[in-house]
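Working notes, beginning with the structure itself.
Note that these values count all heavy atoms, side chains included, but never hydrogens, waters or copies made by symmetry. Within every chain, numbering begins at 1; the chains are lettered A, B, ... in the order of the sequence lines, protein sequences first and strands thereafter. Note that the coordinates shown come from a computational prediction; the quantities given were computed from them, not determined experimentally.
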Amino acid sequence: MLLSLAAAGTLSEKEEKMLALANMGYSLEDASIAMDRCGPEASVAVLTDCICAAQMAREEDCHLPEDNLKPNYLCIGTSRPKKRKVFEMKKNIIEESIRLPNPMIGYGTPTLQPERIHRSLPVEARGPPYFYYENVALTPKGVWDTISRFLFDIEPEFVDSKYFCAAARKRGYIHNLPIEHRFPLIPLPPLTVQQAFPLSRRWWPEWDTRDKLNCIQTAIASAKLTERIRSALERYEGGVPPEAVQRYVLEQCRKWNLVWVGRDKLAPLEPDEVEMLLGFPRNHTRGGGISRTDRYKSLGNSFQVDTVAFHLSVLRDMYPDGINVLSLFSGIGGAEVALHRLGIKLKNVVSIEKSKVNRDIVRSWWEQTNQTGSLIDFDDVQKFDGKLVEQLVDGIGSFDLVVGGSPCNNLAGSNRVSRDGLEGKESSLFYDYFRILDLVRCAMRNRQ
DNA sequence: TTTACTATGAGCTACATT
DNA sequence: AATGTAGCTCATAGTAAA
């Protein structure tokens, strides 16, 4: 009865499940057959397992080759979900959308308290397992409403990491953790660019009034751009340039997150500076065969560690002996680093991450931090099925925390090409977070 | 209430350059 | 073959002014 609490009144439980399955890439025919076969009470996780089983059987019958295993199609997608139908179902959903808070401080930061710091969770949503889901705050309309509906109607906690470090990072978090008695990582990181980059102070002109950086993304400014700016500025010989020039330079600074590194000289952040701003140990992503471009990409896709750690800090006193973690879309291990820095012992970490360089980064961090637990990794969330969950739960007992941020490519504002929303090729992997969380909850319930 | 203007943003891809 | 560059078919929210 997972979705009984979904969307009071907007969609029926059956429609909600159909939409979920369509979004996961199944044909509506397959979804409908599975629902008939498994009954109205079946969860989406059970339904997907059922479709997979049917398709595998079908495959055996026909001796089909495996090459129609496409990324967005779990198991063997037979046909693309009918776009029109998905659109119509989606249209029904759009009612009152979730609004972003201002200031974006969620249930509080180390220094700021909101008006109200209380919430009550529906009984079905309570942990264990605790879960923590993350994605960009500024999505196309309706996306957070859908995500929230799938995660027990819990209201997202929107937080801008500019209250935790010197760079903005507006994100939404849906979790079932307590929100009382949080504490921050020590030492508190610098909160302004001037504190974070003391050497730049000497070159920072009065008319550049920024004291925070914008969101750290995956691409950086070209050398050509900083050269153009330098030659535009050097004509004024260190004096104050005309307002039009100031405006142009500031616009580029904001767009590309540039910092001052010399007279008239601006530069993009170095990878180790990004590591510092995001709360990772220095050289966390360095070496081991990773290219500079990939380093920027992996870092740009990551958590801000201090922010996430503040939210996860409540786990420390709840689990003095340590926790078992299931980490989806682990990337460079933001959640793992946060937990470790909080002093929470990591017993078993099961980490699913597609990129090999990222898996290597987490593995090498794990080996360098004298972990006593074990790190088990997988590469594909879509192949992570109920059998595997059962097997893991049998092995390690239970998962205390299911953490992850699913891909934002199709949600993020910078994307001009494929900002397709939650049904986009990568962003629809959110439904696998939901599916796997559901499988874990089922497995743990069955063990009791 | 509407309208005009501004700022932001875990990105994508064809093509040039090395 | 890998890396760098530029332009991009923008959506959304906030602000000030009418």
Of all residues at least two apart in sequence or in a different chain, which pass the salt bridge (charged side-chain N to carboxylate O under 4.0 Å, His left out) check with D208(A)? R210(A)
Over all strands shown, is [X] touching base, sugar-phosphate only, or nothing at heavy-atom distances under 4.0 angstrom?
X: A219(A); answer: nothing
X: G331(A); answer: nothing
X: Q304(A); answer: nothing
X: S298(A); answer: nothing
X: K170(A); answer: sugar-phosphate
X: C408(A); answer: base

Note: for W256(A) and R99(A) on DNA chain C, the residue whose nearest nucleotide lies more 5' is W256(A)
Closest-nucleotide ordering on DNA chain C, the 5'-leading residue of K255(A) and A221(A):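 The residue closer to the strand's 5' end, by nearest nucleotide, is A221(A).
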State whether [X] places a side-chain N or O below 4.0 Å from either non-bridging phosphate oxygen (OP1 or OP2) of [N].
X: S222(A); N: dA6(C); value: yes
X: N214(A); N: dG9(B); value: yes
X: R171(A); N: dA10(B); value: yes
X: S302(A); N: dA10(B); value: no

With rounding to the nearest 0.5 Å, note down the distance linking [atom1] in [X] to [atom2] in [Y].
X: S161(A); Y: Q304(A); atom1: OG; atom2: CD; result: 4.5 Å
X: F131(A); Y: L177(A); atom1: CZ; atom2: CG; result: 8.5 Å
X: L439(A); Y: L388(A); atom1: CG; atom2: CG; result: 10.0 Å
X: S374(A); Y: I396(A); atom1: OG; atom2: CD1; result: 8.0 Å
X: T369(A); Y: R341(A); atom1: OG1; atom2: CZ; result: 12.5 Å

Does the side chain of R292(A) pick up a donor-acceptor pair with the side chain of Y296(A) at under 3.5 Å? yes
Assess the side chains of N214(A) and N257(A): does a donor N or O sit below 3.5 Å from an acceptor N or O? no
Let me know the distance between [atom1] of [X] and [atom2] of [N], rounded to the nearest Å.
X: Y173(A); N: dA10(B); atom1: OH; atom2: P; result: 11 Å
X: D420(A); N: dC12(B); atom1: CG; atom2: P; result: 11 Å
X: K162(A); N: dA7(B); atom1: NZ; atom2: C1'; result: 12 Å
X: D160(A); N: dA13(C); atom1: CG; atom2: P; result: 15 Å
X: F158(A); N: dA13(C); atom1: CZ; atom2: C1'; result: 13 Å
X: L225(A); N: dG7(C); atom1: CG; atom2: C1'; result: 13 Å
X: R247(A); N: dC5(B); atom1: CZ; atom2: P; result: 15 Å
X: N257(A); N: dA7(B); atom1: CG; atom2: P; result: 16 Å

What nucleotide, of dA13(C), dT5(C), dG9(B), holds the atom closest to the side chain of K224(A)? dT5(C)
What nucleotide among dA10(B), dG9(B), dA6(C) has an atom nearest to a side-chain atom of R228(A)?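 Between dA10(B), dG9(B), dA6(C), the one nearest the side chain of R228(A) would be dA6(C).
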With the threshold set at under 4.0 Å for non-hydrogen atoms, list the residues of residues 283-297 of chain A touching DNA chain C in residue-number order. S291(A), T293(A)
I'd like a list of close polar pairs between nucleotides 10-12 of chain C and the protein, N/O only, cut-off under 3.5 Å.
from: dC10(C); atom 1: N3; to: R416(A); atom 2: NH2; distance (Å): 3.2
from: dC10(C); atom 1: N4; to: R416(A); atom 2: NH2; distance (Å): 3.1
from: dA11(C); atom 1: O4'; to: R419(A); atom 2: NH1; distance (Å): 3.2
from: dT12(C); atom 1: OP1; to: K141(A); atom 2: N; distance (Å): 2.8

Distances for protein N or O near nucleotides 13-15 of chain B N or O, under 3.5 Å:
none

Give DNA chain B the dot-bracket treatment, 5' to 3': Watson-Crick (N1-N3 with N6-O4 or O6-N4) or G-U (N1-O2, O6-N3) under 3.5 Å, [ ] crossing, | other strand. |||||||||.||||||||
Ignoring hydrogens, what is the shortest heavy-atom contact between V440(A) and P129(A)? Give both atom names and the distance. CG1-CG, 4.2 Å
Applying side-chain hydrogen bond (donor to acceptor under 3.5 Å, both in side chains), run through E155(A) and S148(A) and close with a yes or a no. CA-CA 6 Å; E155(A) 201 178 317; S148(A) 169; over 6 Å; no
side-chain hydrogen bond (donor to acceptor under 3.5 Å, both in side chains) partners of residues 177-200 of chain A, not counting sequence neighbours, each pair once: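 The answer is E157(A)-R182(A).
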Under 6.0 Å between ring centres: does that hold for F378(A) and F384(A)?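 Ring centroids of F378(A) and F384(A) are less than 6.0 Å from each other.
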Aromatic ring proximity, centroids under 6.0 angstrom, F430(A) and Y133(A):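 Judged by ring-centre distance (under 6.0 Å), Y133(A) and F430(A) do meet the cut-off.
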Donor-acceptor contact below 3.5 Å, side chain S231(A) vs main chain R228(A): yes
Salt bridge present between R435(A) and D432(A) (N-O < 4.0 angstrom):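 Judged by the 4.0 Å cut-off on N to carboxylate O distance, R435(A) and D432(A) do form a salt bridge.
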Using 30° and 60° as the class limits, which term best fits the ring planes of H311(A) and Y132(A): parallel, tilted or perpendicular?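 The arrangement is tilted - the two ring planes meet at 30° to 60°.
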